[in-house]
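Here's the structure we're looking at; comments come further down.
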Amino acid sequence: MIVADMLNAEKHGKNNFKRVVIVGGGFAGLNAAKVLAGQSVSVTLIDRKNFHTFQPLLYQVATAVLSPGQIAQPLRRILYKAPNVKVIMGEIVGFDLKRKVAICNNGVGIPYDYLIVAAGARHAYFGHDKWEFDAPGLKTIEDALEIRRRILLAFELAEREACLTGKHQPLHFAVIGGGPTGVELAGAIANIAKRSLSKDFKCIDFNECRITLYEGATRILGIYPERISHKAQKQLSELGVEVQTNSFVMDIEPGRIKIKNKWIPANVSLWASGIEASRIGRKLDAKTEGSGRVFVEPDLSLPGHPEVFVVGDMSLIKNAEGQTIPALGAPAMQEGRSAARNILRDTRNQKRINFLYKDRGSMATIGRHRAVAEIGKWYFSGYFAWFIWALVHIFMLMGFRHRVAVFYEWIWTYFTRERSARLITGNIDELAIQLTGKAISENNRNAKSPAKKEN
Ligand SMILES: Cc1cc2nc3c(=O)[nH]c(=O)nc-3n(C[C@H](O)[C@H](O)[C@H](O)COP(=O)(O)OP(=O)(O)OC[C@H]3O[C@@H](n4cnc5c(N)ncnc54)[C@H](O)[C@@H]3O)c2cc1C
């Protein structure tokens, strides 16, 4: 293994700055880099993407409200003002903890004095990885675009069938998993189906369009208090989403899903259930729990390696009450900042401070002016909760331009119900086969053209 030399302090002068390597430019890694920006350390942030994704709004890309560029920003641009922070696009594939080296996918080792591992998580299929092809999950911009293609193509195929034959097979969108992502997706699809697209698609019978949210547990939004779950379920029903609890998915195939031993046709199946921590965590020789989250010390360091921190969705830490801190944006940001501050304390010979999670509440949106929120002792639902949700998300977005762009798009969508990002790109035939088992040219092959109908 070649060990890179370019990260040594020479570029910043012979200053003997400590070298900090951050793996991942998500909420946790980026917040760590921001704390270290301008400080007396030499930082290298490495991510396999050259941009940061604001994941809480991915579902809006998947449902054609926003374009990818509105929720993603180049990491270089975010950090361009910090002379001591370099950004490298690459994937870390392992670590040599003894030699203090992170190994990049080009075989080069990147030496560090401190390492912050913040590689996040992906959706988990509980041992059924082949389901991913038929029921994609939502974690990256690529996932969101794939879901958008599937949703829009399902409408296009139904419209074509209806225009050419006079009727179409009922449309069914199945969302699997009743956590915040599943609830947001189901609500947004209902908004599109029942409201936004109904004027543009002139032949589809939107009464023949079903959206079902399947949840294996007894209630949706299980991480929230019970009353929030009930409110959310009520709001979903008002939007026309059927919520089926105690419904475990047993199998998934193109065009259908199996629930409680019964196959149900589904034009589009989407996966919003369970997460698995980045597998890079297993390369740290540390104790992990079932979903691969790494157990860390109270200061977020790896047991036996005070120079290594694991933060964000990858780490497992409990709060003062002994409850596991959820894999969410706010804890990830706080953990990233806390790890970075402890590194700065070390460089100043100060005592480290244990991580303390400040829970400022949780919320989920359920479509146009519907949401649920829990802030401290208070909980809200409906219009007010949606307003708070919108405000918080606008302020959490990275960069003024993105905030303005998203705000403008929301205002436009709110008043016009128009979906501006509605392009279907890529190989449509491949996608049609995926959704229906047939290429687009074979779909409705027996359909009579309007001219034939008249004859
Ligand atoms: C659809 C969706 C909706 C969500 N909604 C909310 C919400 O409303 N509120 C909320 O609080 N939380 C929400 N979350 C959760 C929140 O986004 C995550 O908890 C948060 O992003 C975790 O931050 P992280 O830095 O640990 O990981 P991530 O943000 O996932 O970042 C990980 C980064 O590491 C990079 N990476 C991964 N592996 C490697 C590697 N081997 N080498 C180099 N780079 C690598 C990735 O490219 C990525 O940039 C949502 C998540 C999703 C998927």
Side-chain angles (χ1 to χ4, degrees), residues 21-33 44-63 71-75 78 87-95 102-105 110 116-123 136-144 147 175 177 179-185 188 221 223-224 270-284 293-294 300 309-316 325-337 339 359-365 371-373 389-390 392-393 396 398:
V21 170
I22 302 174
V23 183
F27 280 133
L30 191 54
N31 274 277
T44 302
L45 172 75
I46 179 156
D47 197 300
R48 56 184 172 206
K49 301 277 167 63
N50 73 340
F51 56 85
H52 166 81
T53 307
F54 188 74
Q55 293 174 11
L57 291 182
L58 271 175
Y59 85 98
Q60 297 212 347
V61 174
T63 53
I71 65 157
Q73 207 185 358
L75 286 163
I78 301 171
V87 176
I88 293 181
M89 187 179 168
E91 185 168 346
I92 292 299
V93 292
F95 305 97
I103 305 158
C104 192
N105 57 349
I110 304 175
I116 299 180
V117 188
R122 254 201 89 71
H123 31 262
L138 183 58
K139 185 71 189 170
T140 61
I141 292 279
E142 289 83 353
D143 294 336
I147 290 174
V175 181
T181 303
V183 166
E184 284 169 357
L185 264 177
L221 294 181
I223 54 167
Y224 294 174
L270 302 174
W271 188 260
S273 184
I275 64 160
E276 182 194 347
S278 164
R279 292 183 186 172
I280 197 78
R282 297 193 183 132
K283 303 273 171 74
L284 288 166
R293 293 176 81 185
V294 179
L300 302 172
F309 294 86
V310 185
V311 290
D313 281 3
M314 277 190 73
S315 72
L316 194 137
I325 294 175
L328 286 171
M333 289 193 258
Q334 292 179 30
E335 287 173 26
R337 290 195 284 259
D359 186 356
R360 298 200 172 95
S362 31
M363 51 188 80
T365 176
V372 284
W389 175 90
V392 168
H393 283 75
M396 275 172 73
M398 212 63 76

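What you see below is based on every heavy atom in this structure, not just the backbone, and it leaves out hydrogens, waters and symmetry mates. Every value quoted in this text rests on a predicted model; they were computed, and no experiment measured them. Note that ligands are numbered from 1 as they come in the structure, with each ligand's atoms numbered from 1 the same way.
- The residue from Val294, Val23, Ile116, Leu300 that alone fulfils the side-chain contact (heavy atoms from CB on, under 4.5 Å) condition with Val310 is Val294.
- Here Arg279 pairs with Glu276 under the side-chain hydrogen bond (donor to acceptor under 3.5 Å, both in side chains) rule; sequence neighbours left out.
- Put simply, the side chain of Tyr59 never gets that close to the backbone of Gly182: no donor and acceptor are under 3.5 Å apart.
- In this structure Lys139 satisfies the salt bridge (charged side-chain N to carboxylate O under 4.0 Å, His left out) test together with Asp313, sequence neighbours excluded.
- For ligand 1, the 4.0 Å heavy-atom shell takes in Val23, Gly24, Gly25, Gly26, Phe27, Ala28, Ile46, Asp47, Arg48, Lys49, Gln55, Pro56, Gly90, Glu91, Ile92, Ala118, Ala119, Gly120, Leu138, Lys139, Thr181, Gly312, Asp313, Ala327, Leu328, Gly329, Ala330, Ala332, His393, ordered by chain and residue number.
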Original post:
Would Met314 and Glu335 count as a side-chain contact (heavy atoms from CB on, under 4.5 Å) if you check the C-alpha gap in whole Å, the side-chain angles of each, and the deciding distance to 0.1 Å?
Top reply: CA-CA 11 Å; Met314 277 190 73; Glu335 287 173 26; over 6 Å; no
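- Listed by chain and residue number, Glu132, Asp143 satisfy the salt bridge (charged side-chain N to carboxylate O under 4.0 Å, His left out) test with Arg122 (two or more places apart in sequence, or in another chain).
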